[in-house]
Amino acid sequence: MKTRGWFRNGALAFGLAFLYIPILSMVFFSFNNSRLVTVWDAANSPTLLWYRKLFANGQILDAALLSLQIAAMTATGAVILGTLAGLALVRFGPFRGRAMLSTMTTAPLVMPEVITGLSLLLLFVALEQLTGWPAGRGVATITIAHITFAMAYVTVVVQSRLAGFDDSLEEAALDLGAKPAKVFFRITLPLITPALVSGWLLAFTLSWDDVVISQFVSGPNSTTLPMVIFSKARLGVSPDINALATILVLIVATGVVLSTIWMKRQERRRLLEEQMARSDGG
Amino acid sequence: MAPTPGNRVPQGLANDRLGLLYALLQQFGLQRWSQYVRQHWSGQRLVIAIPWVWLFLFFVVPFLIVFKISFSEIRLAMPPYAPLFEWLEEGKRLVTTLNLGNYAFILSDNLYISTFAYSLKVAAVSTLLCLLIGYPMAYAIARSTPTARSLFLMLIILPFWTSFLLRVYAWVGLLKTDGVINNTLLAVGLIDAPLTLLYTDLAVYIGIVYSYLPFMILPLYANLEKHDLTLLEAAADLGARPFKAFLRITLPLSVPGIVAGCLLVFIPAVGEFVIPSLLGRADQLMIGRILSDEFFANRDWPVASAVAIVMLLALLLPIMLFQRYQRLELEAAKR
């Protein structure tokens with residue numbers, strides 16, 4: 001086995017380089033003075049020119065604000081619906097419509113985005129004809145569409161967290177006369193909080209990043225940030241996008257590192273508490 | 001209206017809050033509704049019903065509408081398709097127009113057939129490349145120390161959290177004729193003239209592999225991590241070379257992880273829209289782009305719907321396989 005260590009490590013190093021070089025090159029060239037983007041202008045670089053231009057660009061800032069709003073609403077809605085679905089699928093045993101619910105929560109995970117986008121747009125058009133709602137398309141339709149595909153991811157995260165615990169704690173509380181709603185809020189919810197946090201962040205990212213579905217279900221006054229980036233990127237590279245990417249990478253990297261540390265801590269504390277509870281009881 | 005006497009306040013577990021709804025319905029004179037709520041609703045039912053109804057309304061019904069419109073005829077109106085059923089002559093005659101023309105059009109037109117074939121090819125090649133790059137990585141992570149393991153996993157997941165769109169866009173800057181790769185190769189002296197990298201099949205493969213690699217690595221890692229290493233030790237004791245032990249033990253055991261990873265890459269890759277739009281050829285589009293062009297540029301909603309249905313039928317088998325895998329995974333986690 002030792003002799004193949006170099007191959008394994010080489011593959012890992014190659015893969016990680018492949019994953020990170022494009023991101024690092026964006027960061028690097030965001031400080032480049034030249035409009036040619038990929039040609040380093042050594043005389044006048046590094047510069048914050050493109051960052052200044054970025055923050056003077058009202059279109060991008062408005063779009064970013066709109067995307068933030070939609071992503072926050074999506075994440076919250078997806079966590080609520082995904083938690084309910086995950087709870088039903090893992091804890092409720094057999095019920096009528098269970099297979100259907102299970103299918104409906106896994107299919108969006110792999111569904112090509114163009115199909116989801118097209119079908120939701122046709123639904124909104126048909127609904128508008130029948131009921132007058134939604135009148136035109138905009139923030140509401142984008143949010144509904146995002147919740148629908150993001151909740152599938154939250155459901156998976158919540159499901160696997162719930163499946164990791166046996167339900168003996170919940171059973172015990174029920175036996176002692178606690179009402180199911182109380183059991184959920186006092187026992188289940190604290191246990192699955194890490195899953196809810198990562199589910200919320202995941203849904204937020206998915207919504208924040210989506211361009212295809214948004215293009216289908218957006219209206220004239222609801223251009224999200226990815227839509228702006230996509231239309232700019234289609235025309236070629238532009239340095240202010242590099243600056244934007246750098247800021248986003250910085251935020252995400254900090255967030256992921258912090259939340260990983262936080263979750264590790266939570267997990268360690270939980271294990272410790274479990275151990276103490278066991279030694280007390282024993 | 002006052003509550004009718006003799007109505008018991010619903011006893012039971014999660015019915016506290018439902019009791020409020022029930023009282024409200026009574027207050028507004030909706031007797032039958034309140035009776036229904038009292039008899040049939042419980043907290044548990046509500047927990048099931050909310051996500052169920054949401055997904056049914058916003059995931060299943062839309063597909064039924066797409067299916068319906070795929071049989072319509074295009075019409076110069078808003079919305080631009082003819083209804084399947086229509087009352088003519090002031091409601092005296094019901095006319096149905098079930099039109100298979102859109103499917104006949106797609107299946108007889110070379111453009112659509114070659115686009116479908118090209119999309120399947122691109123997805124298959126990218127999936128294979130993903131597997132070839134991802135398997136050794138997942139293997140290396142699964143066999144490293146616990147501390148290194150969580151660090152590597154974080155490094156794999158981190159790009160996934162940064163914008164997919166921006167990461168694809170980053171490749172435009174790398175692959176351009178005057179891009180980073182060409183400039184570097186020219187400076188080193190490996191090539192004399194810049195290579196055409198952007199807007200080629202290769203660029204699309206790179207883009208898909210790059211974006212979907214974490215989806216391949218994570219299920220593979222989850223599988224490889226669970227393997228019982230004593231099996232390999234036993235094989236070594238019995239004289240098997242490491243490579244043979246890998247082929248006979250590790251590889252067969254990791255088939256579920258391989259299948260899951262491949263499906264997670266292949267299915268979305270077939271309908272991929274952003275990557276081929278930014279990196280791909282202009283003379284050979286992928287099916288996601290065709291669908292979007294039919295819809296937005298040609299305003300032919302029925303043909304766009306028919307393209308979606310055909311694409312869905314082509315992906316039905318892989319999607320069902322994926323569903324099965326998800327179910328098995330969850331059952332395994334429960335035990």
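Just so it is clear: chains get the letters A, B, ... in the order the sequence lines come, proteins before strands, and each one is counted from 1.
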Considering only heavy atoms, which portion of [X] lies under 4.5 Å from any heavy atom of chain B: side chain, backbone, both, or neither?
X	result
F95(A)	side chain
T148(A)	both
L120(A)	both
T155(A)	neither
K182(A)	neither
V183(A)	neither
T205(A)	side chain
L109(A)	side chain
M104(A)	both
A245(A)	both
T116(A)	neither
L202(A)	both

Chain A contact via [X] - which portion, at a heavy-atom distance below 4.5 Å:
X	answer
L312(B)	both
I50(B)	both
F67(B)	neither
S305(B)	both
R241(B)	neither
F164(B)	both
L55(B)	both
V307(B)	neither
L315(B)	side chain
L155(B)	both
F295(B)	side chain
V60(B)	side chain

Taking C-beta and beyond as the side chain, do [X] and [Y] meet within less than 4.5 Å on heavy atoms?
X	Y	value
K232(A)	Y169(B)	no
Q215(A)	F273(B)	yes
V110(A)	F266(B)	no
F18(A)	M137(B)	no

Highest number of heavy-atom pairs under 4.5 Å with chain B: which of [options]?
options	answer
V156(A), I147(A), V257(A)	I147(A)
A126(A), A233(A), S119(A)	S119(A)
A85(A), P22(A), A88(A)	P22(A)
L244(A), V211(A), L101(A)	L101(A)
T105(A), V249(A), I241(A)	I241(A)

Take T162(B) and L248(A), measure what side chain to side chain contact (heavy atoms under 4.5 Å, CB included) needs, and give me the verdict at the end. CA-CA 7 Å; T162(B) 58; L248(A) 291 182; over 6 Å; no
Within a 6.0 Å radius of atom CZ on R324(B), are there more than 12 heavy atoms belonging to other residues, nucleotides or ligands?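 Check fails, neighbour count at 12 or below.
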Within a radius of less than 6.0 Å around CE of M154(B), do more than 12 heavy atoms belonging to other residues, nucleotides or ligands occur?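 Enclosed.
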At their closest point, which heavy atom of [X] faces which heavy atom of [Y], and how far apart are they?
X	Y	result
M151(A)	P51(B)	CE-CB, 3.9 Å
Y210(B)	L19(A)	OH-O, 2.9 Å
G271(B)	P112(A)	CA-CB, 3.9 Å
A107(A)	Q323(B)	N-NE2, 3.4 Å
S25(A)	L174(B)	OG-CD2, 3.6 Å
T106(A)	F322(B)	O-CE2, 4.0 Å

Taking atom [atom1] of [X] and atom [atom2] of [Y], what is their separation to the nearest 0.5 Å?
X	Y	atom1	atom2	answer
L122(A)	F63(B)	CG	CZ	11.0 Å
I229(A)	S163(B)	CD1	OG	5.5 Å
R327(B)	T103(A)	CZ	OG1	8.0 Å
Q44(B)	R91(A)	CD	CZ	12.5 Å
I309(B)	I115(A)	CD1	CD1	8.0 Å
L12(A)	I133(B)	CG	CD1	12.5 Å

Would you say the rings of F59(B) and F149(A) are close, in the sense that their centroids are separated by under 6.0 Å?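 Judged by ring-centre distance (under 6.0 Å), F149(A) and F59(B) do not meet the cut-off.
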Measure from the ring center of W301(B) to the ring center of F216(A) and say whether it is less than 6.0 Å.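 Not close enough - the centres of the two rings lie 6.0 Å or further apart.
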Between W54(B) (side chain only) and L81(A) (backbone N and O only), is there a donor and an acceptor less than 3.5 Å apart?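 No; judged by distance alone, with no hydrogens or angles, the pair does not exist.
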Quick check on the interface: out of P268(B), P136(B), P159(B), who has the most heavy-atom pairs with chain A under 4.5 Å?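 The candidate making the most pairs under 4.5 Å is P159(B).
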Shorter than 4.5 Å, heavy atoms on both sides: which option in I48(B), V66(B), I157(B) has the most such pairs with chain A?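 If we count pairs closer than 4.5 Å to chain A, I48(B) comes out on top.
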Given I65(B), which of L118(A), V125(A), L123(A) fulfils the side chain to side chain contact (heavy atoms under 4.5 Å, CB included) condition?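 For I65(B), the side chain to side chain contact (heavy atoms under 4.5 Å, CB included) test succeeds with only one of L118(A), V125(A), L123(A), which is L123(A).
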